[in-house]
Amino acid sequence: DAETPYKSIVLTPGFGGGSSSMSSWAAYFASHGFIAMTIGPNDEINDSHYQRGEGLIDGIQTIIEENNRINSPIYGLIDENSFTVSGYSMGGGASHDAALIAQENGSDYIKAVISFNPTVLFEDCDLCPGEEYDGVIYCICLVPELVDHSVPSLIFAGEVEVNELTAYEGMLGQDIYANMPESTDKIIFEGAGSGHGFAAYPYGEV
């Protein structure tokens with residue numbers, strides 16, 4: 001019973017996941033009147049946050065094209081100026097990439113970011129200090145420039161003290177929130193006593 005034009009949300013999964021892993025969240029948003037689209041990375045293991053962010057932008061473009069395709073079931077029903085990007089874990093981090101990509105391209109159709117237990121594992125040896133592990137130098141960190149966007153954001157995060165992703169300390173939802181500009185509207189919801197998976201599904205941690 002939602003009214004047109006419909007708002008849309010595009011969701012992308014975490015590391016190793018495909019589009020179907022976001023289907024429960026898509027059904028949840030669709031039940032509240034959104035056009036919900038799930039996408040998966042081209043490479044579930046090796047695609048970077050940035051590539052996954054580009055995938056979210058591609059998803060938005062697909063919805064816009066469907067809105068303008070005469071035989072499309074959503075022809076003429078979509079608000080082309082209002083999209084939300086979302087994802088879980090690595091996909092949650094990628095949703096912030098998508099906001100940054102759109103901002104850098106001068107596009108303002110992304111109106112919100114909803115990131116579920118986001119991680120940010122950017123590898124850039126120009127920005128991040130290198131650390132050696134098993135003879136290989138890794139340069140992984142979070143710097144403010146990588147989340148420097150103005151899109152209003154809702155971040156779900158597991159409680160720091162019990163989060164099992166200790167190897168990623170400082171690169172989870174709390175750090176994303178802290179590194180975002182103070183001028184950006186942002187809210188963090190930290191699940192008491194919960195871990196990294198508590199927001200993977202709309203019905204709670206499994």
Side-chain angles (χ1 to χ4, degrees), residues 1-15 17-44 47-118 146-156 176 180-181 183-187 189 199-203:
D1 59 352
E3 295 183 1
T4 58
Y6 299 125
K7 314 300 184 188
S8 304
I9 184 168
V10 184
L11 305 104
T12 195
F15 178 81
S19 61
S20 62
S21 66
M22 298 304 296
S23 60
S24 58
W25 270 119
Y28 175 85
F29 282 107
S31 74
H32 287 272
F34 285 82
I35 295 292
M37 178 183 192
T38 63
I39 64 169
N42 293 322
D43 187 324
E44 295 175 358
D47 273 11
S48 67
H49 281 76
Y50 192 86
Q51 289 171 309
R52 294 162 188 260
E54 290 179 319
L56 288 167
I57 298 294
D58 289 344
I60 290 173
Q61 293 302 321
T62 298
I63 294 174
I64 291 174
E65 289 173 10
E66 282 296 289
N67 188 52
N68 293 286
R69 184 173 66 85
I70 293 177
N71 292 322
S72 167
I74 56 172
Y75 175 68
L77 300 178
I78 302 300
D79 184 343
E80 295 187 358
N81 298 305
S82 183
F83 292 88
T84 296
V85 287
S86 182
Y88 167 69
S89 192
M90 193 172 185
S95 64
H96 292 275
D97 269 283
L100 191 59
I101 292 168
Q103 181 174 280
E104 290 174 345
N105 290 338
S107 302
D108 62 356
Y109 50 56
I110 296 180
K111 302 301 186 187
V113 171
I114 302 175
S115 52
F116 303 111
N117 301 110
L146 301 175
V147 287
D148 185 13
H149 64 79
S150 59
V151 179
S153 299
L154 172 60
I155 299 169
F156 290 81
I176 294 173
M180 290 177 66
S183 58
T184 298
D185 290 334
K186 54 184 180 176
I187 297 174
F189 181 94
Y201 307 97
Y203 43 80

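For Ser107, there are no side chain to side chain donor-acceptor pair (under 3.5 Å) partners two or more places apart in sequence or in a different chain. Take Phe116 and apply the ring pair (Phe, Tyr, Trp, His ring centres under 6.0 Å) test, not counting sequence neighbours, and it matches Trp25, Phe156. Qualifying side chain to side chain donor-acceptor pair (under 3.5 Å) partners for Asp43, counting only residues two or more places apart in sequence or in other chains: Asn46.
Rounded to the nearest 0.5 Å, atoms OG (Ser115) and CG (Leu154) are 7.0 Å apart. Between atom CG of residue Leu11 and atom CE of residue Met37 there is a gap of 10.5 Å, rounded to the nearest 0.5 Å. The OG atom of Ser21 sits 6.5 Å away from atom OH of Tyr201, with the distance rounded to the nearest 0.5 Å. Rounded to the nearest 0.5 Å, atoms CD (Glu3) and CG (Leu77) are 13.0 Å apart. The distance from atom CG of Leu100 to atom OH of Tyr50, rounded to the nearest 0.5 Å, is 7.5 Å. To the nearest 0.5 Å, the span separating OG1 on Thr84 from CD1 on Ile60 amounts to 8.5 Å.
Without hydrogens or angle criteria, Asn117 side chain to Ala199 main chain gives a donor-acceptor distance under 3.5 Å. Between the side chain of Glu66 and the backbone N or O of Ile74, no donor-acceptor pair lies under 3.5 Å. Under a 3.5 Å cut-off, the side chain of Asn67 and the backbone N or O of Ile78 do form a donor-acceptor pair. Formation of a donor-acceptor pair under 3.5 Å by the Lys111 side chain with backbone atoms of Asp108 is found in this model. No donor-acceptor distance shorter than 3.5 angstrom exists from the side chain of Thr38 to the backbone of Ala36, with no hydrogens or angles considered.
Contact of the Tyr109 side chain with the Ile57 side chain is registered, since non-hydrogen atoms from C-beta on lie closer than 4.5 Å. Annotation: side chain of Val85 is not in contact with side chain of Asp97 (no heavy-atom distance under 4.5 Å). When side chains are defined from C-beta on, Asp148 counts as touching Pro181, because their heavy atoms get closer than 4.5 Å.
Contact record, Leu56 with Ser86: CD2-O, 3.9 Å, taken as the closest heavy-atom pair. Contact between His96 and Gly92 at its shortest, heavy atoms only, is CD2-O, 3.3 Å. Here the shortest heavy-atom pairing between Asn68 and Glu80 reads ND2-OE2, 2.7 Å. Listed here is the closest heavy atom pair of Pro118 and Ile155: CG-CG2, 3.8 Å. Minimum interatomic distance between Ile39 and Pro13 (heavy atoms only, all atoms of both residues): O-CD, 3.0 Å. The heavy-atom pair separating Ile114 from Ser95 by the smallest distance is O-OG, 4.4 Å.
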After noting the C-alpha distance and the side-chain angles of Ser89 and Phe15, does the key distance pass the side chain to side chain contact (heavy atoms under 4.5 Å, CB included) rule? CA-CA 7 Å; Ser89 192; Phe15 178 81; 5.6 Å; no
After noting the C-alpha distance and the side-chain angles of His149 and Val113, does the key distance pass the side chain to side chain contact (heavy atoms under 4.5 Å, CB included) rule? CA-CA 10 Å; His149 64 79; Val113 171; 4.3 Å; yes
Does Ser150 form a side chain to side chain contact (heavy atoms under 4.5 Å, CB included) with Gln103? I'd like the steps, not just the answer. CA-CA 8 Å; Ser150 59; Gln103 181 174 280; 3.1 Å; yes
Audit row: Asp47, Glu54, side chain to side chain contact (heavy atoms under 4.5 Å, CB included) steps and yes/no: CA-CA 10 Å; Asp47 273 11; Glu54 290 179 319; over 6 Å; no
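No more than 12 heavy atoms of other residues, nucleotides or ligands shown are found within 6.0 angstrom of OH on Tyr28.
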